[in-house]
Structure formats: C-alpha cells, structure tokens
*Asks:* 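Below you'll find the structure I mean.
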Amino acid sequence: MLSLLINTMFFKFQFRNVEYSSGRNKTFLCYVLETQGKESATSRGYLEDEHAAAHAEMAFFNTILPKCDSSLRYNITWYVSSSPCVTCADRITETLKKNKNLRLTIMVGRLFMWEEAEMQAALKKMKSAGSPEASNMSLFFLPHDQFRKDL
DNA sequence: ATTTTCAAT
C-alpha cells in the first residue's frame, strides 16, 4: 500500500538520528506499559505533542499515568523521536522520585537542544532519578547515535 | 553542504 510506505517514511523521518530536528516540529511517543504482579498486563499506545499546549511527555503524565494504580509496579518503556526538554526532564525526574512503583526506560531517536548546558544537566539528573541502589530510570540512545556526548 | 529544535497560518 502506498499509504503504508508514506507512513513508514514519515516515521523514519521523525525518528532519524539527526543533530537538529529541522522541519519536524513534532515529537512522537510510543509507549509500552507493563503491569507487574499477580495480574500482569501489557498495554501499548502512542502519543504526540499537542504543540504549544503540551509536550508528548506531559500528555503521557496527564492521560496515561493517572490510570495507573499506585499499589502496583509498572515497567514503562518510551520510544520517543526526541529527547525531553528541560521542563519535561524535570517532570520525569520528579515523577520517578515520587512514584517508586514506576520504572521508566526511554529510548531516544535524537537529542533536543543538546548544546544547552541546562539541558545536559536536566538529562543527567533525570538519568540518576530514583534511589541510587535501585535506579528506576534508564536512558538509551540509538546504537549508531552520531551526536551523543558522554552522559 | 549538517545548516538551528515539541508551529503558525
């Protein structure tokens, strides 16, 4: 199908490991939510930013996270086209510190505003969120990432 | 040429 080809090309364009996200103007967030315990369950979904209204990460916190049961453990995986901005990274850090039942793995397509020192600090803080003995945050870049500096 | 970032018309 032609539409499948176009969708595939668009997906690859959005998740491409480029240095600057010129012309993309969007961020996609695919998530896998695994509930642990007696009744293990997996749900999957996809979110995108609402432009100026809310970034994709905020959309997750506003619409998906409230449906989680704080007495259950969750393994959350995000596949995001862009790394989070400073505000979103801070929100992720806070959320992981506040909710010890969550474990979040983020797979990042490309970096967002990596040159900014504030951005680097926010990502480092996010990566070390949670208790040091049992960190509940993992951050991964593409294996062939050309632009990532050491975190 | 890599060419400027989760829109604004």
Side-chain angles (χ1 to χ4, degrees), chain A residues 1-35 41-70 73-130 135-151:
Chain A
M1 285 302 178
L2 183 60
S3 60
L4 177 62
L5 176 64
I6 291 169
N7 287 336
T8 303
M9 288 174 68
F10 187 66
F11 182 91
K12 290 178 80 169
F13 173 72
Q14 288 292 340
F15 278 81
R16 187 106 53 206
N17 183 236
V18 291
E19 189 167 12
Y20 299 107
S21 42
S22 58
R24 283 159 177 89
N25 298 329
K26 267 180 182 302
T27 291
F28 292 109
L29 192 163
C30 307
Y31 66 86
V32 180
L33 191 63
E34 293 173 300
T35 314
T42 302
S43 63
R44 295 162 202 275
Y46 140 84
L47 295 164
E48 62 184 273
D49 65 280
E50 294 147 2
H51 294 165
H55 283 177
E57 299 88 330
M58 294 303 185
F60 184 89
F61 290 133
N62 293 338
T63 66
I64 310 300
L65 198 59
K67 290 190 260 182
C68 291
D69 183 342
S70 60
R73 298 195 61 81
Y74 292 92
N75 270 341
I76 304 166
T77 307
W78 286 357
Y79 302 87
V80 281
S81 56
S82 167
S83 62
C85 70
V86 171
T87 305
C88 288
D90 287 345
R91 175 73 180 275
I92 293 164
T93 306
E94 286 172 30
T95 303
L96 290 177
K97 285 187 173 172
K98 207 173 294 178
N99 304 91
K100 296 296 186 186
N101 61 319
L102 303 181
R103 191 177 191 293
L104 178 63
T105 301
I106 304 182
M107 316 292 274
V108 169
R110 63 182 137 82
L111 285 162
F112 179 70
M113 291 180 67
W114 174 250
E115 282 94 346
E116 307 289 330
E118 194 188 9
M119 186 70 260
Q120 298 175 19
L123 285 181
K124 285 177 184 172
K125 202 168 72 173
M126 180 185 82
K127 205 181 166 188
S128 61
S135 175
N136 53 352
M137 203 287 133
S138 301
L139 180 62
F140 293 103
F141 297 92
L142 295 174
H144 62 279
D145 192 303
Q146 304 171 62
F147 307 106
R148 174 171 56 92
K149 314 288 191 301
D150 291 330
L151 267 173

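A, B, ... follow the sequence lines: proteins, then strands. Residue 1 opens every chain.
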*Asks:* What integer distance in Å separates A:Leu29:CG from B:dC6:P?
*Replies:* 16 Å
*Asks:* By nearest atom, which of the nucleotides B:dA8, B:dT5, B:dC6 is closest to the A:Glu115 side chain?
*Replies:* B:dT5
*Asks:* Rounded to the nearest 0.5 Å, how far does CE of A:Met126 lie from OG1 of A:Thr95?
*Replies:* 11.5 Å
*Asks:* Is any N or O donor-acceptor pair between the side chain of A:Glu57 and the base of B:dC6 shorter than 3.5 Å?
*Replies:* yes
*Asks:* Can you confirm if the NZ or CZ of A:Arg44 lies within 45° of the ring axis of A:Tyr31 and under 6.0 Å from the centre of its six-membered ring?
*Replies:* no
*Asks:* Measure the distance from CD1 on A:Ile106 to C1' on B:dC6 and round it to the nearest whole Å.
*Replies:* 14 Å
*Asks:* Can you tell me the distance, in whole Å, between the CG atom of A:Asn17 and the C1' atom of B:dT5?
*Replies:* 14 Å
*Asks:* Any idea which of B:dC6, B:dT5, B:dA8 is nearest the A:Ser21 side chain?
*Replies:* B:dT5
*Asks:* Of the listed nucleotides (B:dT4, B:dA8, B:dC6), which one gets closest to any side-chain atom of A:Tyr20?
*Replies:* B:dT4
*Asks:* Would you mind classifying the nucleic acid contact of A:Ala54 as base, sugar-phosphate or nothing, using non-hydrogen atoms under 4.0 angstrom?
*Replies:* nothing
*Asks:* Whole angstrom is fine here: how far is it from CD in A:Gln14 over to P in B:dT5?
*Replies:* 14 Å
*Asks:* Please give, in whole Å, the distance from B:dT2 P to A:Arg16 CZ?
*Replies:* 13 Å
*Asks:* May I ask you to say what A:Thr87 touches in the nucleic acid, namely base, sugar-phosphate or nothing, with a heavy-atom cut-off under 4.0 Å?
*Replies:* nothing
*Asks:* Tell me which nucleotide among B:dT2, B:dT5, B:dC6 gets nearest to the side chain of A:Glu19.
*Replies:* B:dT2
*Asks:* What does A:Glu48 touch in the nucleic acid at a heavy-atom separation under 4.0 angstrom: a base, only the sugar-phosphate, or nothing?
*Replies:* nothing
*Asks:* Students often get this wrong, so: under 4.0 angstrom with heavy atoms, is A:Ser22 touching a base, only sugar-phosphate, or nothing?
*Replies:* sugar-phosphate
*Asks:* Atom CZ of A:Arg24 to atom C1' of B:dT2: distance rounded to whole Å?
*Replies:* 11 Å
*Asks:* Look at A:Arg91 together with A:Glu57 and state whether they make a salt bridge at an N to O cut-off of under 4.0 Å.
*Replies:* no
*Asks:* Rounded to whole angstrom units, what separation is found between the CZ atom of A:Phe61 and the C1' atom of B:dC6?
*Replies:* 15 Å
*Asks:* Between atom CZ in A:Phe112 and atom P in B:dC6, what is the gap in whole Å?
*Replies:* 5 Å
*Asks:* When the ring planes of A:Phe15 and A:Phe28 are compared, do they come out parallel, tilted or perpendicular, using 30° and 60° as the limits?
*Replies:* parallel
